Undergrad: 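Got a structure here, written out as structure tokens. Questions coming.
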Amino acid sequence: MKKDEDFDSNLAGGEDENNLTGEAKERWFRRLRKGILTSTADKKETPEGLWSKCPECNYICTTTELKENLFVCPKCNYHHRIGSEDYFEIIFDNKDFTVHYDNIRSKDFLGFTDLKPYQKRLDEIHAKTDLKDSMRVASGNVHGQGLVVAAMDFEFIGGSLGSVMGEKFSRAVDYCIEHKLPYLVISKSGGARMMESAFSLMQLAKTSGKLSQLSDAGLPFISLLTDPTFGGISASFGMLGDLNIAEPGALIGFAGPRVIKETIKKDLPPGFQRSEFLLDHGFLDFIVDRKVLRDKLAQIITLFKG
Amino acid sequence: MPQYPNRQFLDFEQPIKTLYEEIDKLKQTSEKSKIDMSDSIQKLEDAIVDKRRDITASLTPWQRVQLSRHPDRPYTLKYIGKMTNEFMELHGDRNFKDDKAMVGGFAKLDGETIMFIGQQKGINTKMRQQRNFGMANPEGYRKALRLMKLAEKFNKPIVTLIDTPGAYPGLEAEERGQGEAIARNIYEMVRLKVPVICVIIGEGASGGALGIGVGDKVLMMENAWYTVISPENCSTILWRSWDKKEVAAEQMKLTARDMKGFGLIDEIVPEPIGGAHWDYDESANNLKNSILNALREIRNTDPHKRVEERIEKFSKMGFWEEE
């Protein structure tokens with residue numbers, strides 16, 4: 001069974017230490033129990049990432065198979081977390097798209113230091129990944145119709161909303177207005193980026209202001225919520241779609257489950273804050289499987305146009 | 001404001017309490033021995049004012065956070081009561097219920113009808129619970145929006161008074177869409193055609209504050225704080241411990257002076273020496289003057305232009321570098 005995740009720790013830009021613990025320990029002990037006798041020096045290396053295990057049902061398949069299946073578990077339909085590049089490839093015709101505003105980077109304006117200086121944190125991620133920040137914007141076609149997509153990367157400080165995401169979001173809106181294109185935002189974020197303090201909070205107002213302009217231009221805004229979407233995202237553009245849609249089983253909410261549990265001092269009911277729960281309470285238009293996402297988007301665009 | 005001995009003192013205010021106690025002793029002695037000690041008492045009273053000044057001069061960010069939560073600090077309804085006439089409180093979101101953590105209604109400020117809206121904290125244990133410690137539920141934000149739309153319909157300016165440790169993180173709040181309620185407010189506030197003035201009078205934490213915090217002018221009381229999360233929660237998440245709240249408060253640069261320096265707020269409203277809790281009349285008077293000044297600056301702008309300028313104001317907020 002999938003272990004409950006502490007979303008907040010992702011916002012701390014955690015080096016996966018939290019996610020590792022449970023499973024890593026388990027494997028380590030299993031190895032002891034089974035009495036593996038091969039010395040480490042003689043160990044045969046398996047190419048990393050060849051196999052993938054579903055965190056929901058433990059089904060094991062090759063990563064190629066998983067990728068072909070759009071990172072959805074072939075057995076239980078669990079939607080693995082994927083990044084902006086994967087979404088762009090899934091959505092756009094012939095995997096053909098243009099990335100915009102990738103020259104904008106975060107910087108430490110406040111001189112913020114928690115367990116690590118913010119600038120150092122940024123430098124490390126920039127060195128480790130190709131990502132400049134937690135959101136990327138691209139334009140292309142879906143079934144021949146133009147669309148601008150802004151998608152988040154959770155591995156960049158928990159997909160947190162800071163000045164750069166706010167600015168990219170805004171420029172994407174300007175691009176939509178200039179080229180009369182619909183706007184899709186794919187959210188996957190723990191919330192606001194605390195290292196940017198009040199500046200990150202103001203991005204909620206900044207992005208909402210831009211959505212107001214998009215609305216006045218009569219262009220559709222589709223908000224796709226994926227696992228997980230919390231805090232400042234759901235308290236701004238995440239919930240402001242002309243259509244709010246979500247992937248199945250995604251955790252979506254304002255306050256994180258840990259905080260709520262500590263506040264009310266009660267266990268949370270099963271399915272709480274999942275996509276299906278939000279649909280049931282009237283905050284989503286529908287849930288969309290990743291496999292039909294492309295077709296659905298094309299259909300939405302046609303419906304709004306026609 | 002409460003008079004000694006009903007005043008409450010924070011840890012760094014203890015020297016003031018000691019002075020009050022000395023005055024008490026002198027008064028008793030004076031009564032017993034029938035000796036006039038008014039000179040000595042006056043000196044001590046002056047010393048109290050000096051002490052108040054000393055304390056405010058060297059406050060750490062965390063101490064300002066403490067001041068913003070001072071149990072004697074004036075809250076929204078206190079300010080409305082002191083600044084305005086004919087306040088008519090309006091209740092309910094017309095959908096679910098009346099959230100006591102969010103209050104609002106029309107009042108006359110300097111003869112003009114204004115819609116006042118704000119989070120309200122309780123003044124004693126029972127009231128604090130009833131007001132949910134100033135943490136609104138979705139219906140609170142929806143009530144605020146209803147009142148804002150009402151003001152817009154009748155072309156009345158809106159003043160919001162912000163004082164919240166955050167929106168309520170409860171199970172039912174999630175069921176009723178806490179995120180959506182705040183998002184909707186932010187979006188609609190951007191578009192309001194009437195002048196909007198927002199003032200952080202105490203605590204300004206996160207979306208819970210911004211949910212009534214988008215305006216043409218944003219003001220902050222001198223000892224208020226405003227940022228994306230409370231220092232305690234920031235400490236828990238980033239430092240993985242509760243004890244770094246002082247460091248978190250420092251790192252987040254959440255004071256009024258910081259916020260003004262960043263251009264994220266427009267003006268600081270001065271508080272009486274020692275903090276707003278020392279003189280409610282002076283606090284309210286300062287606030288009233290600042291609100292009237294801010295209103296004067298924006299009231300004659302064309303409504304459409306005002307909305308454009310409001311969007312522009314928030315669009316400029318942020319820092320990044322371009323390669």
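Predicted, not measured: the structure shown is a model, and the values here were computed from it.
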Undergrad: So which part of B:Arg191 gets closer than 4.5 Å to some heavy atom of chain A, the side chain, the backbone, both or neither?
TA: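 For B:Arg191, the contact with chain A is made by the side chain alone.
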Undergrad: With rounding to the nearest 0.5 angstrom, report the CD to NZ distance, B:Glu312 to A:Lys206.
TA: 9.5 Å
Undergrad: Of the listed residues (B:Met259, B:Lys244, B:Arg176), which shares the most heavy-atom pairs with chain A below a 4.5 Å separation?
TA: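 So the answer, after comparing B:Met259, B:Lys244, B:Arg176, is B:Arg176.
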Undergrad: Let's test your reading of the structure: which of A:Ile104, A:Leu240, A:Val164, A:Ile264 forms the most heavy-atom pairs below 4.5 Å with chain B?
TA: A:Leu240
Undergrad: So which of B:Lys253, B:Glu175, B:Lys316 has the biggest tally of heavy-atom pairs under 4.5 Å with chain A?
TA: B:Glu175
Undergrad: Heavy atoms only: give me the nearest A:Leu110-B:Phe262 pair and the separation to one decimal.
TA: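 Residues A:Leu110 and B:Phe262, closest heavy atoms: CD2-CZ, 3.2 Å.
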Undergrad: Assess the residue pair B:Leu210 and A:Met202 against the criterion (side-chain contact (heavy atoms from CB on, under 4.5 Å)); give the C-alpha distance rounded to whole Å, side-chain angles, the decisive distance to 0.1 Å, and a yes or no.
TA: CA-CA 8 Å; B:Leu210 194 67; A:Met202 295 311 150; 4.3 Å; yes
Undergrad: Looking at B:Leu238, B:Leu254, B:Val214, which has the largest count of heavy-atom pairs under 4.5 Å with chain A?
TA: B:Leu238
Undergrad: Between chain A and each of B:Ile186, B:Ile237, B:Val190, count heavy-atom pairs under 4.5 Å; write down the option with the most.
TA: B:Ile237
Undergrad: Nearest heavy-atom pair of A:Leu201 and B:Gly207: which atoms, and what distance?
TA: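 Residues A:Leu201 and B:Gly207, closest heavy atoms: CD1-N, 3.7 Å.
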Undergrad: Using a 4.5 angstrom heavy-atom cutoff, name the option from B:Ser206, B:Ala173, B:Cys234, B:Ala248 with the most pairs to chain A.
TA: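 Answer, by heavy-atom pair count under 4.5 Å with chain A: B:Ser206.
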Undergrad: Can you see which heavy atom on B:Gln251 is nearest to which on A:Thr113, and at what distance?
TA: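 Where B:Gln251 meets A:Thr113 most closely, the heavy atoms are OE1-N, 2.6 Å.
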Undergrad: Is atom CG of A:Asn103 surrounded by more than 12 heavy atoms (other residues, nucleotides or ligands) closer than 6.0 Å?
TA: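 Atom CG in A:Asn103 is packed in, count exceeds 12.
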Undergrad: Specify which of A:Ala255, A:Ala235, A:Ala192 makes the most heavy-atom pairs with chain B at under 4.5 Å.
TA: A:Ala235
Undergrad: Of the listed residues (A:Asp280, A:Asp216, A:Asn244), which shares the most heavy-atom pairs with chain B below a 4.5 Å separation?
TA: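 Looking at each option in turn, the highest pair count goes to A:Asp216.
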Undergrad: May I ask you to list the residues in residues 162-171 of chain B that approach chain A closer than 4.5 angstrom, counting heavy atoms only, ordered by number?
TA: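 Listed by number: B:Ala167, B:Tyr168, B:Pro169, B:Gly170, B:Leu171.
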Undergrad: Rounded to the nearest 0.5 Å, how far does CZ of A:Arg105 lie from CH2 of B:Trp320?
TA: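 Going from CH2 on B:Trp320 over to CZ on A:Arg105, the span is 16.0 Å.
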Undergrad: At what distance, to the nearest 0.5 angstrom, does CD of B:Glu321 lie from CG of A:Asp108?
TA: 10.5 Å
Undergrad: Closest heavy-atom contact between B:Ala183 and A:Ser236?
TA: CB-O, 3.3 Å
Undergrad: Could you pull out the closest heavy-atom pair between A:Ala205 and B:Phe314, with the gap in Å?
TA: CB-CD2, 3.5 Å
Undergrad: When only pairs under 4.5 Å are counted, which of A:Gly162, A:Ser212, A:Ser208 shares the most heavy-atom pairs with chain B?
TA: A:Ser212
Undergrad: If you count the non-hydrogen atoms of other residues, nucleotides and ligands that lie under 6.0 Å from CZ in B:Arg128, is the total more than 12?
TA: yes
Undergrad: Side chain, backbone, both or neither: which part of A:Phe237 has an atom under 4.5 Å from a heavy atom of chain B?
TA: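 It is neither, since no heavy atom gets under 4.5 Å.
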Undergrad: Side chain from CB out, backbone as N, CA, C, O: work out which of these in B:Ser235 comes under 4.5 Å of a heavy atom of chain A, or both, or neither.
TA: neither
Undergrad: So do the side chains of B:Ile182 and A:Met239 get within less than 4.5 Å of each other, counting heavy atoms only?
TA: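 A side-chain contact under 4.5 Å is absent here.
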Undergrad: Measure across A:Ala198 and B:Thr227 and return the closest heavy-atom pair with its distance rounded to 0.1 Å.
TA: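 Taking every non-hydrogen atom into account, N-OG1, 3.4 Å.
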Undergrad: Can you say whether the rings of A:Phe199 and B:Phe319 are parallel (under 30°), tilted (30 to 60°) or perpendicular (over 60°)?
TA: perpendicular
Undergrad: If we only count heavy atoms from C-beta on, is the A:Arg258 to B:Thr236 side-chain gap below 4.5 Å?
TA: yes
Undergrad: Among A:Val259, A:Leu278, A:Leu204, which residue has the highest count of heavy-atom pairs closer than 4.5 Å to chain B?
TA: A:Leu204
Undergrad: Looking at A:Lys210, A:Glu196, A:Gln203, which one has more heavy-atom pairs under 4.5 Å with chain B than the rest?
TA: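 The option with the most such pairs is A:Glu196.
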Undergrad: Can any side-chain N or O of A:Ser197 pair as donor or acceptor with the backbone N or O of B:Met252 at less than 3.5 Å?
TA: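 Between the backbone of B:Met252 and the side chain of A:Ser197 there is a qualifying donor-acceptor contact (under 3.5 Å).
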Undergrad: If you round to the nearest 0.5 Å, how far is CD of B:Glu322 from CD of A:Glu167?
TA: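 That separation rounds to 7.0 Å.
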Undergrad: Given that the side chain runs from C-beta out, which part of B:Val228 has a heavy atom under 4.5 Å from chain A: side chain, backbone, both or neither?
TA: both
Undergrad: Measure A:Phe283 against the heavy atoms of chain B and call it side chain, backbone, both or neither at under 4.5 Å.
TA: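 The side chain, not the backbone.
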Undergrad: Is A:Tyr101 close to chain B through its backbone or its side chain, or both, or neither, when contacts mean heavy atoms under 4.5 Å?
TA: neither
Undergrad: Measuring only between side-chain heavy atoms, which start at C-beta, is A:Ser215 closer than 4.5 Å to B:Tyr187?
TA: yes
Undergrad: Go through the atoms of A:Lys266 and report whether side chain, backbone, both or neither lie under 4.5 Å from a heavy atom of chain B.
TA: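 Neither; nothing under 4.5 Å.
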